[in-house]
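Read the structure below first, then the notes.
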Amino acid sequence: MRLGLLASGRGSNADAILRAIDDGRLEAEACLLICDRPAEALAVAERHGVPVRLMTRAEYPDRTAQQAAMREALVEAGVELVALAGFAAVLEPVMVDAFAERILNIHPSLLPAFAGTVAPEPQAAALRAGVKLAGCTVHVVTNEVDAGPIVAQAAVPVLPDDTVASLAARILVEEHRLYPQVLSWFAQGRVRIVDGIAHVGDGR
Ligand code: GRF
């Protein structure tokens, strides 16, 4: 599976995915990582020998043009599946429709709770709501933000003394386990989406 990554931040999920590829746990080739801002994720990808592109919003007339250029770069690199790994911008139809059902995102909440914002706001919202379980969700990206088919989730307890940082750190451990696992299911052709619901089969 030829994988593309989009990132905007520190790149710890990108690192977890690329480590899984390096270790042979994920049968994929990381073809390109694109950042929309100068971010640590660029150095993470370079450490793994993955080609990178920096394509900032300021270089294009609008976000649609920026994402159209990103799409072209992904297509040129022969990317089959795109993983958003801490990508902070909402994807435009120009990207989503070109890779329909082939873009995944990880969100640091148990969706559909606390959708529509980026880290650390979902974790902060979980604390404010007083929920006793928090977690992360890997979902297929559609044109509705954080609302595409849920492929997998992992839950963690919310502890009485939690801060946003301590809860986010507990969730992040699960993110780093879950995202490579879900990508390996895609690489094995085990995920089917029927009527907006993702089903994970045994690969036969
Ligand atoms: C993670 O919390 C992820 O769930 C969210 O953004 C954050 C990215 O962190 N989408 P990193 O850049 O992968 O370290």
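Reckoned from all heavy atoms, side chains included, excluding hydrogens, waters and symmetry mates. Atoms within a ligand are numbered from 1 in the order they appear, just like the ligands themselves. Computed from a prediction, not measured in an experiment: that's the story for all the values here.
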For [atom], closest protein heavy-atom neighbour:
| atom | result |
| --- | --- |
| atom 6 (O) of ligand 1 | Gly86 CA, 3.7 Å |
| atom 4 (O) of ligand 1 | Glu175 OE1, 2.8 Å |
| atom 7 (C) of ligand 1 | Ala119 CB, 4.1 Å |
| atom 10 (N) of ligand 1 | Ile106 O, 2.8 Å |

I'd like to know if Cys136 contacts ligand 1, where contact means a heavy-atom distance under 4.0 Å to any ligand atom.
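It does not, in that no heavy atom of Cys136 comes within the 4.0 Å cut-off of ligand 1.
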Does a donor on one side chain sit under 3.5 Å from an acceptor on the other, for His48 and Asp15?
yes
Answer yes when Glu40 and Arg10 have at least one side-chain N-carboxylate O distance shorter than 4.0 Å, and no when they do not.
no
For the pair Arg170 and Asp162, find out whether any cationic side-chain nitrogen is under 4.0 Å from an anionic carboxylate oxygen.
yes
Has the side chain of Thr117 got a donor or acceptor atom that lies under 3.5 Å from a matching backbone atom of Glu121?
no
Okay, side chain of Thr137, backbone of Ser109: is any donor-acceptor separation there less than 3.5 Å?
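Confirmed, Thr137 side chain pairs with Ser109 backbone.
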Would you say the side chain of Leu104 lies within less than 4.5 Å of the side chain of Leu84, judging by non-hydrogen atoms?
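Contact flag for Leu84/Leu104 side chains = no.
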Answer yes or no: is there a side-chain heavy-atom contact under 4.5 Å between Glu80 and Leu3?
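No, too far: nothing below the 4.5 Å cut-off.
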Check whether any N or O atom of [X], backbone or side chain, sits under 3.5 Å from an N or O atom of ligand 1, and answer yes or no.
| X | answer |
| --- | --- |
| Gly11 | yes |
| Arg10 | yes |
| Ala85 | no |
| Asn13 | yes |

Show which atoms of ligand 1 fall inside a sub-4.0 Å distance from at least one heavy-atom site of Pro108.
2 (O), 4 (O), 5 (C)
